[in-house]
Amino acid sequence: MTPLVSVVSGPRARLFACFLRLGTQQASSLQLHTGASLAAKNYYEVLVLGGGSGGISMAARMKRRVGADNVAIVEPSERHFYQPIWTLVGAGAKQLSSSFRPTVSVIPSGVEWIKARVVELNPDKNCIHTDNGKEISYKYLIIALGIQLDYEKIKGLPEGFDHPKIGSNYSVRTVEKTWKALQDFEEGNAIFTFPNTPVKCAGAPQKIMYLSEAYFRKTGKRSKANIIFNTSLGTIFGVKKYADALKEIIQERNLAVNYKQNLIEVRADKQEAVFENLDKPGETQVISVSGQVKRSAEQCHRRRRHHGSHLPVCHHHVLQEYEMLHVTPPMSSPDVLKTSPVADAAGWVDVDKETLQHRRYPNVFGIGDCTNLPTSKTAAAVAAQSGILDRTISLIMKNQTPRKKYDGYTSCPLVTGYNRVILAEFDYNGQPLETFPFDQSKERLTMYFMKADMMPFLYWNMMLRGYWGGPAFLRKLFHLGMS
C-alpha cells in the first residue's frame, strides 16, 4: 500500500539528534537471540510474561542485573510491533512494514525466548503454566501481558471487517483497511468511535479523525464529508489544557462530537452503526448519511409494529449510516489475568502505583497496559515505568526498600494533521508534565517529526534495549538551562 506522498513529503528531520546521542553510547549492537523454547529450563531467576514494549525493555534491564542465562521471556508471537505508528499507517503516511520486526531480533541476546502462551499463573507456588504443558518456576516475576482487544463485544465484529468502508488502527489485520476506507470515501458520514472501556493510547481514536479531515481537504472531498466523533466519554480529553486546544481545532474544522455514545453494533453489509446513549437511555434517533435526524424512538417503535418483528429494536439506541467507519474496540485485561490471583476486582494486575510491586506478592511486578496503574496506557508510560521498575527490583533483590517513585508520567502525541502534533504530557493528577520549554498545547511541526521519526528511533534503538526511561532527564536539562 502506497503512502500518501502527495501529503507527506520532504526530508526527514534530524531535530533533537543531540538528545538521541545521550545514552546511545551505552547501547551496544543488538545480537540476534538464538535460543529455542525446546531448550528452555524450568526455572529462572527473572521470568518475564509478554514480549511487548514492557516485556522486552525489562528483559534487557534484568539481563544487566542478573545475567542473560537467568532471564526468560514467555511470548507466542513471531513479530514485535511498534503500535504507536499505526495512526500514521491508517492515514497512509507510513508503511505497515515499518512497524514490525521479528520477535527474535528484539529479544536481548542470551535471554531465553519461550515461544508459548501463558495459560495460568500460580504466584503462591512461584510458577506459571504455558499452553504447551510446561510449568516454569521463578524467583521474580514481571507481568507485561498488555491489553486485550475485544472486537467481538461489538455485534457484527470482527466479521464486519470483511466488508469495505470500515477499519481500525488498533489491529495489524485492520489498520490498512482504515487507509483503504479513507481513499474510497466519496460522500457522507465519516464516523470515529471511542468505547466504554479502558483503552490503550486514548488519543488515537481522535487522531485518525483529524488526519482524515486533512486528507479530505487535500483531495477536495471535505465539503462532502460529515465528520463525526462518537465517544463514550464526557470530554474530548482528560487534561484540561489539551482539551481546550482540541476543542478549538474541532470548532475550526467543523467536526461533530457526540459524547456518551457507545458503539454496540456494526451492520457492515448495510453500512450502519448502532450506538447506545449512555446518558439518556430511552432517547433514540436514526441518523441518515447527511446527519439529519430521521426518526424518534416512538416513530421507530411504530415502524417496527407496522412492518413486523424483523426490524431491529432501536429503543435506547442511535443508528447512523456511514461512508467510512473507524472502530476503536472495547478492551480489557487479558483473559489469563482476569481470574488470576494477581488481579484486582476488575481483572488488572494489582500493583503499587509508585513502585510497580504487586500489592500481595512481593516478588511479582507489573508494567504497562495490563496493570491497574491510574494513568493513560501508552508506550511513553511504559518507558517511564521501566526505569522505575528497574530500580524497584534492584533494591528488592538487595532486601532494601524501593525509593524511586513513579509519578504517573504518560504522553500522548495528539496528531492533528499530516504535519502537526500537540504533545500532551501529564501525571497521575492530570497535571501537565511537559518536557520542552514551550507551550506544548500548540500544534507544532517539530512535534510531528518527533512522533513520526524520532520516537520510532528511540523505541527500536534505546527503549527495547533498556536505555530509555522517558524524558525526565531532558526536563531536568531544560530546567537547569533556564534557571
Side-chain angles (χ1 to χ4, degrees), residues 23 46-65 71 73 75 80 82-84 106 108 140-147 198-203 331 333-334 337 342-344 348-359 361-397 402-413 424-431 433 435 455 458-459 462-476:
V46 179
L47 183 63
V48 181
L49 306 184
S53 57
I56 297 295
S57 300
M58 289 311 303
R61 290 174 179 271
M62 292 299 99
K63 171 186 172 180
R64 294 195 288 272
R65 295 288 181 191
V71 181
I73 298 176
E75 170 57 49
H80 178 101
Y82 176 60
Q83 296 180 32
V106 298
Y140 302 102
L141 180 69
I142 300 174
I143 304 173
L145 289 172
I147 198 167
V199 299
K200 57 182 173 181
C201 193
M331 303 180 203
S333 173
L337 294 178
V342 302
D344 65 8
W348 306 99
V349 180
D350 191 14
V351 296
D352 183 279
K353 75 173 191 175
E354 294 182 335
T355 66
L356 282 69
Q357 184 179 24
H358 197 273
R359 293 182 181 277
Y361 300 99
N363 64 331
V364 175
F365 309 86
I367 185 172
D369 297 350
C370 66
T371 68
N372 61 0
L373 294 170
T375 193
S376 292
K377 300 178 184 295
T378 68
V382 172
Q385 292 164 21
S386 68
I388 299 297
L389 184 53
D390 184 24
R391 295 183 182 92
T392 291
I393 294 177
S394 68
L395 288 172
I396 287 174
M397 286 177 170
R403 294 187 297 270
K404 190 72 174 178
K405 296 180 178 181
Y406 177 51
D407 57 9
Y409 171 84
T410 190
S411 174
C412 182
E425 295 180 290
F426 48 97
D427 61 15
Y428 275 137
N429 299 317
Q431 296 301 308
L433 194 61
T435 298
M455 293 313 300
L458 281 176
Y459 183 82
M462 294 183 68
M463 181 175 167
L464 292 187
R465 301 183 189 189
Y467 291 112
W468 178 251
F473 80 96
L474 285 179
R475 284 198 297 274
K476 292 178 182 177

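Note that the structure is a prediction, hence the values are computed from the model and not measured.
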S.K.: State, yes or no, whether a side-chain contact exists between L373 and L356 at a heavy-atom distance under 4.5 Å.
M.R.: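 Contact flag for L373/L356 side chains = yes.
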S.K.: Can you tell me how far apart NZ (K404) and OG1 (T392) are? Round to the nearest 0.5 Å.
M.R.: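 Separation between the atoms: 10.5 Å.
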S.K.: Taking all non-hydrogen atoms of both residues into account, name the closest pair between W348 and D369 and its distance.
M.R.: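 Closest approach of W348 to D369: CZ3-O, 3.2 Å.
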S.K.: When rounded to the nearest 0.5 angstrom, what distance separates CE in M58 from CD1 in I393?
M.R.: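 So the CE of M58 and the CD1 of I393 are separated by 4.5 Å.
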S.K.: Do F426 and Q431 make a side-chain contact, defined as non-hydrogen atoms from C-beta onward lying under 4.5 Å apart?
M.R.: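 A side-chain contact under 4.5 Å is absent here.
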S.K.: Minimum heavy-atom separation for A379 to P84, with atom names?
M.R.: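 Closest heavy-atom pair between A379 and P84: CB-CG, 4.0 Å.
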S.K.: Quick one: salt bridge (charged side-chain N to carboxylate O under 4.0 Å, His left out) partners of R391, sequence neighbours excluded?
M.R.: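 R391: no salt bridge (charged side-chain N to carboxylate O under 4.0 Å, His left out) contacts found.
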S.K.: Can you give me the closest heavy-atom contact between V382 and I367, atom names plus distance?
M.R.: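 V382 and I367 have their closest heavy atoms at O-CD1, 3.9 Å.
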S.K.: Just wondering, do Q385 and T375 contact through their side chains at under 4.5 Å, heavy atoms?
M.R.: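 SC-SC contact between T375 and Q385 confirmed.
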S.K.: Do V351 and N372 come close enough that some side-chain heavy atom pair is under 4.5 Å?
M.R.: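 In contact.
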S.K.: Should H80 and E75 count as side-chain neighbours, where that means a heavy-atom distance under 4.5 Å?
M.R.: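 Heavy-atom side-chain distance check fails, nothing below 4.5 Å.
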S.K.: Could you report the tightest heavy-atom contact between A381 and S376, atom names first, then the distance?
M.R.: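 For A381 and S376, the tightest heavy-atom pair comes out as CB-O, 3.7 Å.
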S.K.: What I want to find out is whether D390 reaches R65 closely enough, with some N-O distance under 4.0 Å, to be called a salt bridge.
M.R.: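 Judged by the 4.0 Å cut-off on N to carboxylate O distance, D390 and R65 do form a salt bridge.
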S.K.: Between R64 (side chain only) and G466 (backbone N and O only), is there a donor and an acceptor less than 3.5 Å apart?
M.R.: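 Present.
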S.K.: To the nearest 0.5 Å, tell me how far N363 CG sits from L141 CG.
M.R.: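 Reported value, rounded in 0.5 Å steps: 7.5 Å.
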S.K.: Which atom names give the shortest non-hydrogen contact between P198 and K377, and what distance separates them?
M.R.: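 Scanning both residues completely, I find the closest heavy atoms to be CB-CE, 4.3 Å.
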S.K.: About how many Å separate CG of L458 and CZ of R465, when rounded to the nearest 0.5 Å?
M.R.: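 Spacing of CZ (R465) from CG (L458) equals 11.5 Å.
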S.K.: Side chains of M463 and S53, heavy atoms from C-beta outward: is any pair under 4.5 Å?
M.R.: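 A side-chain contact under 4.5 Å exists here.
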S.K.: Mind checking the CD1-CE spacing from I73 to M62? Nearest 0.5 Å is all I need.
M.R.: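 Rounded to the nearest 0.5 Å, the CD1-CE separation comes to 11.5 Å.
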S.K.: Measuring from T371:OG1 to K353:NZ, what's the distance to the nearest 0.5 Å?
M.R.: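 These two atoms lie 12.5 Å from each other.
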S.K.: Are side-chain heavy atoms of M455 and P413 found at a separation under 4.5 Å?
M.R.: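 Heavy-atom side-chain distance check fails, nothing below 4.5 Å.
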S.K.: Kindly give the heavy-atom pair with the smallest separation between S386 and G469, and that separation in Å.
M.R.: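 Smallest interatomic distance, heavy atoms only, reads OG-CA, 4.3 Å.
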S.K.: Please step through side chain to side chain donor-acceptor pair (under 3.5 Å) for the pair T378 and T410, ending with a clear verdict.
M.R.: CA-CA 7 Å; T378 68; T410 190; 2.7 Å; yes
S.K.: Describe, in one word, how the ring planes of Y406 and Y428 are oriented to each other, choosing from parallel (under 30°), tilted (30 to 60°) and perpendicular (over 60°).
M.R.: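 If you compare the ring of Y406 with that of Y428, the planes turn out perpendicular.
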S.K.: Hey, are the side chains of C370 and I147 touching, using non-hydrogen atoms and a 4.5 Å cut-off?
M.R.: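 Not in contact.
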